[in-house]
Number of protein chains: 2
Amino acid sequence: MLTDTINRPPNKEACGASINAIKDALYALNGKWKLLIIVSLVDGPKRFKEIQRDLETITPKILSKELKELELNGFVERKVFNTTPVTVTYELTPYSSSLGNIMNELRLWGIQHRKHLVETSKAQYLASTT
Amino acid sequence: MLTDTINRPPNKEACGASINAIKDALYALNGKWKLLIIVSLVDGPKRFKEIQRDLETITPKILSKELKELELNGFVERKVFNTTPVTVTYELTPYSSSLGNIMNELRLWGIQHRKHLVETSKAQYLASTT
DNA sequence: CCGGATCCGCCTAGATACTG
DNA sequence: CAGTATCTAGGCGGATCCGG
């Protein structure tokens with residue numbers, strides 16, 4: 001279960017390097033929505049309203065802002081089609097698939113964490129009780 | 001590189017389940033500091049000021065608040081020693097080692113992401129330019 | 001209905017200073 | 001050293017509006 005990142009003898013440089021690397025990662029993925037938007041787009045391009053429905057509680061304003069940041073950072077591509085009415089879709093770039101492992105680990109951990117909290121009667125610490 | 005979470009045919013239920021699981025994870029690990037504090041404690045118990053030095057830019061108020069939340073969520077244990085002056089240390093609980101895989105993936109991704117940004121001349125999107 | 005933009009306002013992260 | 005007090009700026013969200 002443990003990786004070589006954890007439970008090894010003290011090592012200041014390696015620890016500092018880890019902190020910097022994780023800082024970089026968290027900086028790019030900041031906020032509570034970016035990763036969730038990416039997950040929503042994993043099974044193909046979606047329209048603005050579809051993403052909003054997937055995430056349920058995000059407001060259009062926040063979604064708009066997050067999508068712009070994701071586009072700037074090269075995770076998402078916005079495509080406009082000249083249909084009538086105009087259609088806009090968002091889809092993942094190839095680079096965003098580099099996040100696959102992180103998402104998978106977060107998903108696995110989230111599942112076991114929910115189980116852990118329920119078993120120890122601490123379900124109040126969950127994101128939602130559904 | 002890809003896990004089975006990504007690049008598979010559309011599957012609404014699985015996608016929704018992923019979103020909920022990742023929501024749970026992000027909810028427990030919210031903010032930009034919790035994971036970094038845990039990394040800082042990986043190589044053994046540390047005192048308040050030591051953690052602050054590791055993280056460099058965190059203010060004592062935020063560190064105090066984050067440590068309290070980490071304690072409530074069962075990731076960190078606070079220990080007080082009746083020395084003069086009083087000494088306080090924080091250390092990881094066994095449960096926090098369940099985060100090992102997430103940390104490792106974040107660390108690896110952070111490293112490659114920094115490299116990616118430097119190579120594509122987008123270093124302005126990095127957490128710090130050092 | 002779709003893809004947003006705008007106004008309003010809370011809450012909290014963060015800076016700075018201070019205390020036992 | 002281990003935090004707390006005070007103040008401020010900005011992230012984030014609710015509600016509403018608007019052109020197509």
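Order of the sequence lines fixes the chain letters, A, B, ..., with proteins taken first and strands second; residue numbering starts at 1 for each chain.
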Rounded to the nearest angstrom, tell me the gap between atom [atom1] in [X] and atom [atom2] in [N].
X: K61(A); N: dG10(D); atom1: NZ; atom2: P; answer: 14 Å
X: E69(B); N: dG3(D); atom1: CD; atom2: C1'; answer: 16 Å
X: L67(A); N: dC2(C); atom1: CG; atom2: P; answer: 16 Å
X: K34(A); N: dG11(D); atom1: NZ; atom2: C1'; answer: 11 Å
X: I62(A); N: dG14(D); atom1: CD1; atom2: P; answer: 9 Å
X: I58(A); N: dG11(D); atom1: CD1; atom2: C1'; answer: 13 Å
X: N82(B); N: dC1(D); atom1: CG; atom2: P; answer: 19 Å
X: N30(A); N: dT12(C); atom1: CG; atom2: P; answer: 18 Å

Within less than 4.0 Å of OP1 or OP2 of [N], is there a side-chain N or O belonging to [X]?
X: Y90(A); N: dG4(C); result: yes
X: W33(A); N: dC12(D); result: no
X: K68(B); N: dT4(D); result: yes
X: S64(B); N: dT4(D); result: yes

_Parallel, tilted or perpendicular: rings of H113(B) and F75(A) (30°, 60°)_ = parallel
*Parallel under 30°, tilted from 30 to 60°, perpendicular over 60°: which one fits the rings of F48(A) and Y90(A)?*
tilted
*asked:* Treating T87(B) as the side-chain partner and F81(B) as the backbone partner, does any N or O pair qualify as donor plus acceptor under 3.5 Å?
replied: no
Scan [X] against the nucleic acid and name what it touches under 4.0 Å (heavy atoms): base, sugar-phosphate only, or nothing.
X: P85(A); result: nothing
X: G31(B); result: nothing
X: K32(A); result: sugar-phosphate

_Interatomic distance, K23(B) atom NZ to L106(A) atom CG [nearest 0.5 angstrom]_ = 14.5 Å
_Positive for salt bridge (Lys or Arg N to Asp or Glu O under 4.0 Å) with D24(B), one of K115(A), R107(A), K32(A), R114(A)_ = R114(A)
For the side chain of [X], starting at C-beta, report the closest nucleotide among [options].
X: E66(A); options: dA15(C), dT12(C), dC12(D); answer: dC12(D)
X: R47(B); options: dA2(D), dC7(D), dG13(D); answer: dA2(D)
X: T87(B); options: dG4(C), dA2(D), dG3(D); answer: dA2(D)

*So which one's nearest nucleotide on DNA chain D is more toward 5', T59(A) or R53(B)?*
R53(B)
